[in-house]
Amino acid sequence: CDDCGGCGTRTVFNDVLLAPGTYAIVIDGYGSSSGTYTMDTTCMATLAPTPTATLPPSAAVACGETVTGSTVDAPNVYGGRSPERIFAFTADTSGEHTFST
């Protein structure tokens with residue numbers, strides 16, 4: 001979804017308050033579209049990434065990290081028709097987080 005209003009096709013989740021735990025971050029295209037992406041993460045707390053076996057094949061992303069890649073030829077796991085990349089993000093402590101693509 002595109003939750004940032006007037007910022008075009010970008011998606012920005014600002015000041016997301018997360019409880020400790022592992023979360024799946026799914027990057028996919030609109031409709032059946034695929035292509036390149038850049039995801040920036042920022043956090044108020046110092047956190048460490050922890051991959052989890054309960055998520056589909058993924059990579060871990062940590063606070064302060066910028067991830068670039070492409071959804072071209074990626075699998076489709078979570079509904080819709082577009083291929084997607086899935087990242088595991090672990091919040092070790094409660095705090096505010098920002099995810100921006």
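These numbers come from a predicted model, not from an experiment.
Of all non-hydrogen atoms in Ile86 and Val26, the two that sit nearest each other are CG1-CG2, 4.3 Å. Of all heavy-atom pairs between Ala19 and Ala91, the closest is O-CB, 3.8 Å. The two residues Ala74 and Pro83 make their nearest non-hydrogen contact at O-CB, 3.1 Å.
A search for side-chain contact (heavy atoms from CB on, under 4.5 Å) contacts involving Ser70 returns Thr36, Val72, not counting sequence neighbours. Partners of Thr38 by side-chain contact (heavy atoms from CB on, under 4.5 Å), not counting sequence neighbours, listed by chain and number: Asp40, Thr66, Thr68. Looking at residues two or more places apart in sequence or on another chain, you find a side-chain contact (heavy atoms from CB on, under 4.5 Å) between Pro20 and Ser94. Shown here are the ring pair (Phe, Tyr, Trp, His ring centres under 6.0 Å) partners of Phe99, two or more places apart in sequence or in another chain: Phe89.
Distance check: Ser34 OG to Arg81 CZ gives 12.0 Å after rounding to the nearest 0.5 Å. Interatomic distance, Ile27 CD1 to Arg85 CZ, rounded to the nearest 0.5 Å: 10.0 Å.
In this structure, Glu84 and Asn76 have side chains that are in contact, with non-hydrogen atoms separated by less than 4.5 Å.
Under the 3.5 Å distance criterion, with hydrogens and angles disregarded, a donor-acceptor pair is assigned to the side chains of Thr90 and Thr22.
Without hydrogens or angle criteria, Ser82 side chain to Gly29 main chain gives a donor-acceptor distance under 3.5 Å. Thr41 places a side-chain N or O within 3.5 Å of a backbone atom of Glu65 that can act as its donor or acceptor partner.
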